[in-house]
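These numbers were taken from a predicted model, which means no experiment stands behind them.
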Amino acid sequence: MTTEIWQLSESELLADAAAVSHEIQLSEARRIALVAEIDTRVSREKLGFPGPAGWLTSTTLLSPSKATKIVALARGMKNFPDIADAVNTGVMSVDHAALILTFAETPPKDLPEEGRVMARTALIAAATGPEARTGRIRAAITKLEDEFGGKTPPPENTDRNELFASTTLNGRLVAKMDVDAVTGEKLLTALSPLTEPQPAADGTPDDRSPAKRRADAFGHILDQYLASSSRPIEGGERPHLNLHINLRDLTDLRDSADTDTDTDDIADNETSRAADESDTDGVDPVDINTGHPIDTDAETEPDRENGSGSEGEGDRSEADRGTYRDLFGDGTSVGWLPWMGPLSRNTSRQLACDCVLTAIVMDENGNPLNLARTARTVSAKQRKALTARDHGCAFPGCGKPAAWTEGHHIWHWADGGPTDMDNLVLLCGFHHRLMHHSDWEVFIGTDNHPWFVPPATVDPYRQPRQSHARAGPHIA
């Protein structure tokens, strides 16, 4: 019979916590070993991804960065049994193993083979047991790199340059960089004139911190770059900020901001989401929640006939239920950014007041109405519509950014398939090839969104799976 935690003595609490921690380390080691075997034996077709990292992310609670780290360890430790033994016996943490493995795979070029083995042995010893400290291990590695790294001093070695950027759970972007002295000098030089304190017109001092001023300056530099005509082409057009928003919300935002947009004056922001905007050619704007035309001149004030300024209880209850029902659907937020995701009402209002509009009329399921073209290649407007529907690679569990995707003909062009919205789906390069060279299938469902059918080797019942952007909980 298992003793409840609250019944354990202090000594038992300490012992159990230590024992569970050791078991977790051993389980981590086993997972790495399993992933190494999956990497060797399981085909890409069965995984549905280029490697185990994507599969891990789509089938477990692991983040993409954590899954990538596990795969790197699984592949690397095959070549270094001494590191693997320390992990498998639970005497060294996975994080320390990753640090030592990176050194072992890319040692200083002037460090002789005998020295590499001795250094690795010393590092493993320093990383063994609860007294191991990351700082000491890094210091030892730095010393070896400085002494045996060759003629290029570490501050000038561009091979060591790295820039990490990842989105947080609350929708922010965290970046970390480690660059050589010359690149660092370029960055600081560019930031310098933009980071000086700027007092207000009335003489009020600039109360921004140095870190805040640097962040503002960095955003200004990005604005200047995206406004430049010399920036490279990606996805058939020059990169620019895209805000996807539906017509109803766009109308509400503009009414509340009391601002008219002159589409001839602005060029940096591209608004296109479900929309979303009426394109027209005689087509009225459509409410994506109901499928009915929108009267953009209609009053938006609530019915105040009862004097309370609120709706009737029955209407209100139904409206609330509708809000909850759509909580995890396509209408989750007012705005949506292809890279960063949901955007608040206030920031959407700010962008919507200064943009170029691309009209894409959507049905009640958030699917762009057909934009048929006779050409084989997907047009720029169709691509915007596909992005509004699929958000990125539509393959279940993938979701790579739309800029990295291609338009796939479900009914192949060579076989007579048209370049129509109901015959197209956005796929990244790997999944585009997978659909052409495996038994995976894709079709447009009754909701006018892509559905994917795995081969029998993946799912014997071949149950259709929703596209990546559509998958998730839904409240009945």
For the pair D206 and R213, find out whether any cationic side-chain nitrogen is under 4.0 Å from an anionic carboxylate oxygen. no
Please lay out, stage by stage, how I137 and H96 fare under the test side-chain contact (heavy atoms from CB on, under 4.5 Å). CA-CA 8 Å; I137 300 169; H96 285 160; 3.8 Å; yes
Of the non-hydrogen atoms in A104 and P107, which two are nearest, and what is the gap between them? O-CD, 3.5 Å
Between R120 and D82, is the closest basic N to carboxylate O distance under 4.0 Å? yes
Using only atom types and a distance under 3.5 Å, with no angle test, would you say the side chain of D180 pairs donor to acceptor with the backbone of N157? no
Do E406 and L427 come close enough that some side-chain heavy atom pair is under 4.5 Å? no
Any donor-acceptor pair under 3.5 Å linking the side chain of D390 with the backbone of G392? no
Is L61 atom CG crowded by more than 12 heavy atoms from other residues, nucleotides or ligands, each under 6.0 Å away? no
Quick test of your reading: applying salt bridge (charged side-chain N to carboxylate O under 4.0 Å, His left out), list the pairs with at least one residue in residues 43-63, sequence neighbours left out, ordered by first then second residue. none
Donor-acceptor side-chain pairing of S9 and E12 below 3.5 angstrom: yes
Partner of W440 by ring-ring contact (aromatic ring centres under 6.0 Å, His included), out of F395, F452, F430: F395
Test item: H468 side-chain N/O and A394 main-chain N/O as donor-acceptor pair under 3.5 Å: no
Expected output: side-chain T183 to main-chain V179 donor-acceptor under 3.5 Å: no
What distance separates L187 CG from M177 CE, expressed to the nearest 0.5 Å? 5.5 Å
Hey, are the side chains of F103 and L123 touching, using non-hydrogen atoms and a 4.5 Å cut-off? yes
Heavy-atom closest contact (P199 atom, P197 atom, distance): CD-O, 3.4 Å
Do the charged groups of E441 and R462 touch, with an N to O distance under 4.0 Å? yes
Using a strict threshold of under 4.0 Å (side-chain N to carboxylate O), is an ion pair present between D95 and K69? yes
Take atom CZ in R208; do more than 12 heavy atoms of anything else shown fall under 6.0 Å from it? yes
Could you check whether any side-chain N or O of E196 sits under 3.5 Å from a backbone N or O of P193, counting only pairs where one atom can act as donor and the other as acceptor? no
Does K186 NZ have over 12 foreign heavy atoms under 6.0 Å away? no
Could you measure the distance from the NE2 atom of H432 to the CG atom of L434? Nearest 0.5 Å is fine. 11.0 Å
Minimum heavy-atom distance I83-M77, with the two atoms named: CG2-SD, 4.0 Å
Side chain proximity check, L62 to R31, heavy atoms < 4.5 angstrom: yes
Enter the distance from Q198:CD to D216:CG here, rounded to the nearest 0.5 Å. 10.5 Å
Among H431, H391, R383, find the residue that satisfies the side-chain hydrogen bond (donor to acceptor under 3.5 Å, both in side chains) test when tested with T405. R383
Taking the side chain as every heavy atom from C-beta outward, state whether N161 and D178 have any pair of such atoms under 4.5 Å apart. no
Answer yes or no: is there a side-chain heavy-atom contact under 4.5 Å between L173 and T168? no
Electrostatic pair D39:R75 at N-O distance under 4.0 angstrom: yes
Determine whether V453 and F443 make a side-chain contact, defined as any pair of heavy atoms from C-beta on separated by less than 4.5 Å. yes
Rounded to the nearest 0.5 Å, how far does CG of D16 lie from OG of S11? 11.0 Å
Calculate, to the nearest 0.5 Å, the distance between atoms NZ and OG1 belonging to K212 and T195 respectively. 13.0 Å
With a 4.5 Å heavy-atom cut-off, do C428 and C398 have their side chains touching? yes
Please assess K66 against T57 for the test side-chain hydrogen bond (donor to acceptor under 3.5 Å, both in side chains), listing each intermediate value before the final yes or no. CA-CA 9 Å; K66 180 67 174 178; T57 302; over 6 Å; no
Heavy-atom check, side chain of L99 versus side chain of T134, under 4.5 Å: yes
So CZ of F80 and CD1 of I100: to nearest 0.5 Å the spacing works out to 11.5 Å
Shortest non-hydrogen contact from A402 toward L426: CB-CD1, 4.4 Å
Expected output: side-chain S192 to main-chain L188 donor-acceptor under 3.5 Å: no
Neighbour count above 12 (heavy atom, 6.0 Å) for Q7 CD: yes
Residue set satisfying side-chain hydrogen bond (donor to acceptor under 3.5 Å, both in side chains) with D207, at least two apart, ordered chain then number -> none
Between the side chains of S166 and K176, does any donor sit under 3.5 Å from an acceptor? no
Once salt bridge (charged side-chain N to carboxylate O under 4.0 Å, His left out) is applied, what residue pairs with a partner in residues 49-64 remain, sequence neighbours excluded? none
